[in-house]
Protein chains: 2
Amino acid sequence: MGNTHIAESGSVQSVDRAIAILEILAQRGESGVTQIAADLAVHKSTASRLMSSLLAHGLVEQVSDRGRYRLGLGLVRLAGAVTSSLDVVSGSRAVTRALAIQVGETVNIAVLDNNRVLYVDQVMGPSMVSMRSWLGQSVPTHCTATGKVLTAWLDKPSRIAARPDSWGKLAPNTITSGEALEKELAQVRELGYAVAYQEMEADFVAVAAPIRDVHDEVAAALVISGPASRLKPKDFDSLGQIVKASAAKLSGNPNYWRE
Amino acid sequence: MGNTHIAESGSVQSVDRAIAILEILAQRGESGVTQIAADLAVHKSTASRLMSSLLAHGLVEQVSDRGRYRLGLGLVRLAGAVTSSLDVVSGSRAVTRALAIQVGETVNIAVLDNNRVLYVDQVMGPSMVSMRSWLGQSVPTHCTATGKVLTAWLDKPSRIAARPDSWGKLAPNTITSGEALEKELAQVRELGYAVAYQEMEADFVAVAAPIRDVHDEVAAALVISGPASRLKPKDFDSLGQIVKASAAKLSGNPNYWRE
DNA sequence: ATGCGTGTTGCCCATGGCGCAACATTATGC
DNA sequence: GCATAATGTTGCGCCATGGGCAACACGCAT
């Protein structure tokens with residue numbers, strides 16, 4: 001995220017600055033007025049007034065009087081409206097709940113967002129091991145089943161843009177080169193689903209399939225996840241077919257899964 | 001939420017307007033530029049430019065070209081940073097996961113927000129029936145265990161301000177008068193926990209206890225919930241004691257659960 | 001083909017956003 | 001305990017930006 005915003009048609013500079021503050025706080029956790037002013041290259045009185053507006057609406061809050069600021073719960077309220085409207089329009093939760101019951105694991109929906117995976121809805125399965133809140137989390141594309149599904153059908157320049165900055169080994173089976181990833185994505189296109197078997201985290205397994213828009217393009221990914229002790233390689237193809245079937249029910253929705 | 005913003009020291013009018021747009025879209029689902037302009041009492045070119053800034057940052061998106069707007073997934077990303085930081089600072093998820101395992105039901109944390117209950121974190125239990133995403137949802141105070149906990153220890157004018165606008169019967173046991181609610185809240189203060197037994201929804205039961213700040217004031221509520229077929233009246237007191245014990249572990253955290 | 005409504009954008013000007021300076025408060029070092 | 005430094009806030013005045021107007025492009029209904 002660039003700190004200086006190049007003026008473009010129709011944008012409002014002070015609104016852009018206020019949103020940049022939210023993005024800085026999302027990355028840093030907490031910041032003071034002086035630090036925010038430095039990041040935005042504005043005077044600290046400017047930063048103080050922008051923070052004041054965000055504070056008044058609950059989008060930021062002060063950690064202590066005359067101290068540092070952090071993101072506020074007003075954002076949780078607004079995000080709740082987003083996830084509710086995802087369901088209102090697509091009816092996705094009926095499908096995701098049925099899938100969670102059928103396979104007994106956590107189910108999520110994710111989209112591609114700034115070349116990373118963003119989890120936008122979640123239904124948890126009965127497992128204790130998978131008690132984890134993915135909603136709102138952002139993860140890399142190369143080591144997640146959702147990321148593979150969201151990128152496999154992109155053109156090559158776009159697939160390359162979505163690759164990680166570094167190929168560190170995050171888990172026993174992390175893909176660590178562009179070549180290996182291209183072969184993996186070719187297989188995803190052939191099978192119609194993706195698997196991540198202990199690639200982002202040890203013991204963590206996910207199976208994902210594409211949710212397509214009316215133009216048959218991949219708009220989102222439907223994914224089930226759980227521990228390796230329960231999701232074994234011999235089951236991957238049957239699970240893949242099940243997830244594909246559920247994702248197909250969510251595909252073809254006009255005016256929804258658009259980026 | 002008033003549409004006209006009375007200028008106050010340190011606030012930035014165009015930022016206030018942009019946030020007001022987000023709040024309108026949260027309430028309405030979708031809106032057009034002309035409608036937003038009318039709500040804000042500004043020219044539609046002003047509304048169009050404000051929307052353009054929000055669009056550029058992903059806080060809104062267009063449902064279709066030259067059409068209506070809705071809240072964007074950028075808010076889900078920002079909210080994810082909020083719920084992650086709740087855990088980072090308070091370590092609440094270790095406690096909420098342990099509680100979910102212990103009682104086998106869904107666990108949530110909620111705060112009082114604009115005289116309503118706002119769910120800010122969630123761990124789901126093993127039950128299929130309780131598969132429901134509360135995160136970001138806002139519900140009334142009088143018919144929820146969390147709402148009773150969040151309001152019981154307020155002074156009387158604040159308790160009255162938190163009452164619903166109407167006393168409609170939402171479920172078999174909905175409280176339908178201020179007098180009955182006052183008696184209920186007195187009992188909550190005495191027991192140290194609250195129960196909602198089929199009050200907001202049929203078959204839905206919740207047991208909540210207060211999370212207190214360093215000043216011993218109620219900052220948030222910890223709640224377990226599930227269906228009436230599993231959570232029976234004879235169990236309420238033991239469940240209440242268990243939730244109180246878990247809430248106590250989350251209490252006394254400086255600089256966190258502040259409103 | 002025409003009329004209507006919506007959303008966008010160039011232009012210009014009035015105003016609101018901003019930087020400066022001063023101040024209050026808190027934290028830090030000695 | 002005191003002096004200094006750093007942070008955040010706020011009054012003031014200026015000017016750069018936000019915003020209204022008008023014109024335009026587009027989609028839809030008739």
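Hydrogens, waters and symmetry mates play no part in the numbers below; they use all other heavy atoms, side chains included. In what follows, chains carry the letters A, B, and so on, assigned in the order in which the sequence lines appear, proteins first and then strands, with residues in each chain numbered from 1.
Distances shown here put every side-chain N or O of Ser52(A) at or beyond 4.0 Å from the OP1 or OP2 atom of dT9(D). For the pair Tyr69(B) and dT8(C), the criterion of a side-chain N or O lying under 4.0 Å from OP1 or OP2 is met. Distances shown here put a side-chain N or O of Ser48(A) below 4.0 Å from the OP1 or OP2 atom of dT9(D). The shortest distance between the side-chain N/O atoms of Thr34(B) and the OP1/OP2 oxygens of dG7(C) is below 4.0 Å.
Looking at the side chain of Ser45(A), the nearest of the listed nucleotides dC20(C), dT9(C), dG7(C) is dC20(C). Comparing dA21(C), dC12(D), dC21(D) against the side chain of Arg49(A) picks out dC12(D) as the nearest. If you check dT8(C), dT9(D), dG19(D) against the side chain of Leu50(B), the one that comes closest is dG19(D).
Whole-Å rounding puts the Met51(B) CE to dT6(C) P distance at 14 Å. Taking atom CD1 of residue Ile36(B) and atom C1' of nucleotide dT8(C), one finds them 16 Å apart after rounding to whole Å. To the nearest angstrom, C1' of dA22(C) lies 11 Å from NZ of Lys44(A). The distance from atom NE2 of His43(A) to atom C1' of dT10(D) is 12 Å, rounded to the nearest whole Å. Rounding to whole angstrom units, CG of residue Leu54(B) and P of dG18(D) are separated by 13 Å. Taking atom CD on Glu30(B) and atom C1' on dG7(C), their separation rounds to 16 Å, with Å as the unit.
Annotation: ring pair (Phe, Tyr, Trp, His ring centres under 6.0 Å) contacts of Tyr69(A) (sequence neighbours excluded): none. Residues satisfying the ring pair (Phe, Tyr, Trp, His ring centres under 6.0 Å) criterion with Tyr193(B), sequence neighbours excluded, are absent altogether.
Comparing Ala47(B) and Ser31(A) by the nucleotide of DNA chain D whose heavy atom lies nearest to each, the residue mapping closer to the 5' end is Ser31(A).
Stacking of Arg212(B) on the aromatic ring of Trp153(B) is recorded, both the 6.0 Å distance cut-off and the 45° axial limit being met.
Side-chain atoms of Arg68(B) and base atoms of dG27(D) include no donor and acceptor less than 3.5 Å apart.
Of the N and O atoms on the side chains of Thr151(B) and Arg159(B), not one donor lies less than 3.5 Å from an acceptor on the other residue. With hydrogens and angles left out, the side-chain atoms of Ser11(A) and Ser52(B) include no donor and acceptor closer than 3.5 Å. The closest side-chain donor-acceptor pair between Thr83(A) and Asp121(A), if any, does not fall under 3.5 angstrom.
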For nucleotides 14-17 of chain C, give me every protein contact, N/O to N/O, under 3.5 Å, one pair per line with atom names.
| unit_1 | atom_1 | unit_2 | atom_2 | d |
| --- | --- | --- | --- | --- |
| dG17(C) | OP1 | Gln13(B) | N | 2.9 |
| dG17(C) | OP1 | Ser14(B) | N | 2.9 |
| dG17(C) | OP1 | Ser14(B) | OG | 3.4 |
| dG17(C) | OP2 | Gln13(B) | N | 3.4 |

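Under the 4.0 Å criterion applied to side-chain N and carboxylate O atoms, Arg28(B) and Asp39(B) are assigned as salt-bridge partners.
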